[in-house]
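Reminder, nothing fancy here: chain letters follow the sequence lines and each chain counts from 1.
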2 protein chains.
Amino acid sequence: MDELLFDVFARNCPSRETMEHATGRWGTLALVALRDGTTRFNALRRRVDGISEKMLSQTLQALERDGLVLREARPTIPPHVEYSLTPLGAAVAGQLFGLIELLEGRMPEVIAARETYDAR
Amino acid sequence: MDELLFDVFARNCPSRETMEHATGRWGTLALVALRDGTTRFNALRRRVDGISEKMLSQTLQALERDGLVLREARPTIPPHVEYSLTPLGAAVAGQLFGLIELLEGRMPEVIAARETYDAR
DNA sequence: CGGTATCCGTACTGATACTG
DNA sequence: CAGTATCAGTACGGATACCG
């Protein structure tokens, strides 16, 4: 663990900040949704169930700022804006998707654990 | 993506809930800290910089309930409580650590992206 | 269509104090 | 040591309305 350049456990670690953007409630879902390919704002909004316009906007801005997401706006009327993953974003999204797969595959264990825990 | 049992993108998906526990602000740090081995409450608290007793307690309870963390209390005075990863928790923590490594290794890209973004 | 601005409730957060 | 209880602040999040 000590061979890492930054210490995620430390308060003001820049990687901890980016981690929070990527693993936050909406960040993960946005990144994983973009693995399916370039997507427009409202399509993304429909894909990620429950996200508001505001949160999607904020999430995408944070991810764009960190260089995980690429935003391309065409100056047409009506506006046409496309979001996609940068190479770095694709790597992060892949890792996150691995986590989702892992968890989904083992949800029976999780559910069983919850029942055991709650039976007290 | 459709081959998954649950749909993380859906609002009331049980895996989305567990994802949020594991990837939440403190969940990730607690899980990764426990990769170093069985740890006591206050040791964990010192390791994860900035976490309050309350948040650590809540975080550990959520992870224990999901079957990611094992809590073992010895009825001594003073109390001696040890936290460790379950096999499932270890798998999740490993995946999260992979993400941290990835991000730490590429922080220069992130920092550069931020500077580009802010220069507008 | 793709946002931003505003309002407003609540849920999270951290200090502090206290207990077994 | 390992928590719980209580409380005040804030930042998160959603709904709505509006703009280019």
Review point. Does A:R16 count as lying over the ring of A:F9, i.e. NZ or CZ under 6.0 Å from the six-ring centre, within 45 degrees of the axis?
Key: no
Practice item. Within residues 59-76 of chain B, find the residues that approach DNA chain D with a heavy atom at under 4.0 Å, and present them sorted by residue number. Key: B:Q61, B:R71
**Study point:** Heavy-atom side-chain contact between A:S57 and A:K54 under 4.5 Å
**Key:** no
Revision key, fill the gap. Residue pair B:S57/B:R46 against DNA chain D: nearer the 5' end by closest nucleotide is B:R46
Check your understanding: Is there a donor-acceptor pair under 3.5 Å between the side chain of B:T39 and the backbone N or O of B:G37?
Key -> yes
Check your understanding: What's the shortest heavy-atom distance between B:L44 and B:A33, and which atoms?
Key -> CD1-CB, 4.0 Å
Check your understanding: In Å, rounded to the nearest 0.5 Å, how long is the span from CG of B:L85 to CG of B:L70?
Key -> 9.5 Å
Point to revise | Rounded interatomic separation in angstrom, taking CG from A:N42 and C1' from C:dG3 | key: 9 Å
**Study point:** Phosphate OP1/OP2 of C:dC1: any A:Y83 side-chain N/O under 4.0 Å
**Key:** no
Review point. Under a 4.5 Å cut-off applied to non-hydrogen side-chain atoms, are A:V8 and B:V32 in contact?
Key: no
Exercise for review: Give me the bend of the helix from C:dC1-D:dG20 to C:dG20-D:dC1, using the axes of the five pairs at each end, rounded to 10°.
Suggested key: 50°
**Study point:** All pairs passing side-chain hydrogen bond (donor to acceptor under 3.5 Å, both in side chains) where residues 72-93 of chain B contributes a residue, at least two apart
**Key:** B:R40-B:H80, B:R71-B:Y83, B:R74-B:H80, B:H80-B:E82
Practice item. Working to the nearest 0.5 Å, report the span between CE of B:M19 and CD of A:E104. Key: 9.0 Å
Practice item. Using the six-membered ring of A:F41, assess whether NZ or CZ of A:R45 lies under 6.0 Å from its centre and within 45 degrees of the ring axis. Key: no
Revision key, fill the gap. B:R114 meets the salt bridge (charged side-chain N to carboxylate O under 4.0 Å, His left out) criterion, sequence neighbours left out, with A:E17, A:D66
Review point. Are B:Q61 and A:Y117 close enough, and set up right, to give a side-chain contact (heavy atoms from CB on, under 4.5 Å), and what steps lead you there?
Key: CA-CA 10 Å; B:Q61 279 175 32; A:Y117 185 93; 4.0 Å; yes
Check your understanding: What is the distance, rounded to the nearest whole Å, between atom CD1 of A:I77 and atom C1' of C:dG3?
Key -> 14 Å
Point to revise | From B:R106 atom CZ to A:T18 atom OG1, the distance as rounded to the nearest 0.5 Å | key: 12.5 Å
Exercise for review: Going 5' to 3' through nucleotides 13-20 of chain C, assign each nucleotide B (protein heavy atom under 4.0 Å from a base atom), S (under 4.0 Å only from sugar-phosphate atoms) or - (no protein heavy atom that close).
Suggested key: BBB-B--B
Check your understanding: Can you pull the contact range of chain B along DNA chain D, 5' to 3', using atoms under 4.0 angstrom from its heavy atoms?
Key -> D:dC1 to D:dC7
Practice item. May I ask you to decide if B:A30's main-chain N or O and B:T59's side chain share a donor-acceptor pair within less than 3.5 Å? Key: no
